[in-house]
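Right, one structure below, let's go through it.
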Amino acid sequence: MSRTLDPEFRRALTARIRYYNEMGIYDFYRRPLSVRGGEIAAAIAVDDAPIAGSTTQSESRPVAIPGDENIFDLIALKPEQRVSDPAQALKIIREDLGDCTRCVLHKQGRKQIVFGVGNAKADLMFVGEGPGADEDAQGEPFVGRAGQLLNNMIKAMGITREQVYIANIVKCRPPGNRTPEREECATCSPFLMRQIAVVKPKVIVALGAVAAKTLLAMNASMAQLRGRFYDFRPAGVRSSDLNWDGCKLAVTYHPAFLLRDPRQKGEAWKDLQMVMGELGLKAPTKSSD
Ligand code: SF4
């Protein structure tokens, strides 16, 4: 049962969370504190920082709040969640990423960060592994030969590249096009999660095993991963749209793999047809090509 916080307590808690936000801290956690009268209370961990505007130094202590009070949903927002325009929100995430040096890929020959491209309100999002040489040179994902094939795959679905959003798990080119290390994926992917939470697609297509395993946080073969939908919510971030409760995720082969083994194109087409069914898309007829 939802309960309203005492206004004074709420004001103090709001001021405390804004204080953390101004320091660049947006992630909070709650832990069960006790069960009272059949209700589970929760706690947040707070440190010794004073509440903004208060003159007294608070003690380190848990703050009890009703378990289903979603004050954090309302207050502890990422910077991009404070704007309503998704294109603007994506710009804010890009600015937050800055000239990123968070993982070793920043010093392994990247020319530029490849953030993502496309419709900020797309129903369909493609997520690949990482930029290659062409992408690194142009600053846009999927612009080389694999990108051409992806464009053809998108066209075969009856839509255009401009209608979808395209990004990668890592935003800097791994040297020699090697597979990104797990740590690099883990360091970079929170920014992708924020992009997903802004775009709020209906369906994500993970292109290849690295994208699938990172997004789904599971280790399985492509044969095991393909052929079904997963319920997906971006890890560690909420959308500012409380009506968006995640999306479907499908897995298919990376276009670069399909270039190496064109016999698998039929299998990839089956995956895309499953996605088309979910989105109500129809393949263009010959005459409309
Ligand atoms: S791959 Fe991602 S985390 Fe690593 S340096 Fe590039 S932008 Fe930063």
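Read the numbers this way: they start at 1 and go in the same order the structure lists the ligands and their atoms. As the structure is a computational prediction, the values presented were derived from the model and not from experiment.
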Decide yes or no on ring-ring contact (aromatic ring centres under 6.0 Å, His included) for H254 and F126, but give the supporting numbers first. CA-CA 10 Å; H254 194 287; F126 289 92; over 10 Å; no
Tell me which one of R94, K91, R194 satisfies salt bridge (charged side-chain N to carboxylate O under 4.0 Å, His left out) with E80. R194
Given that the side chain starts at C-beta and the backbone is N, CA, C, O, which of these parts of R110 lies under 4.0 Å from ligand 1, counting heavy atoms, or is it both or neither? side chain
Would you say the side chains of E184 and T187 form a donor-acceptor pair under 3.5 Å? no
Give a yes or no on whether a salt bridge exists between R110 and D99, defined as a side-chain N under 4.0 angstrom from a carboxylate O. yes
Please say which of V203, I159, N119 ends up in a side chain to side chain contact (heavy atoms under 4.5 Å, CB included) with V164. I159
Provide the protein N, O or S atoms situated under 2.8 Å from atom 8 (Fe) of ligand 1; waters are not included. C100 SG
May I ask you to check whether Q88 and R82 show a side-chain donor-acceptor distance below 3.5 Å? no
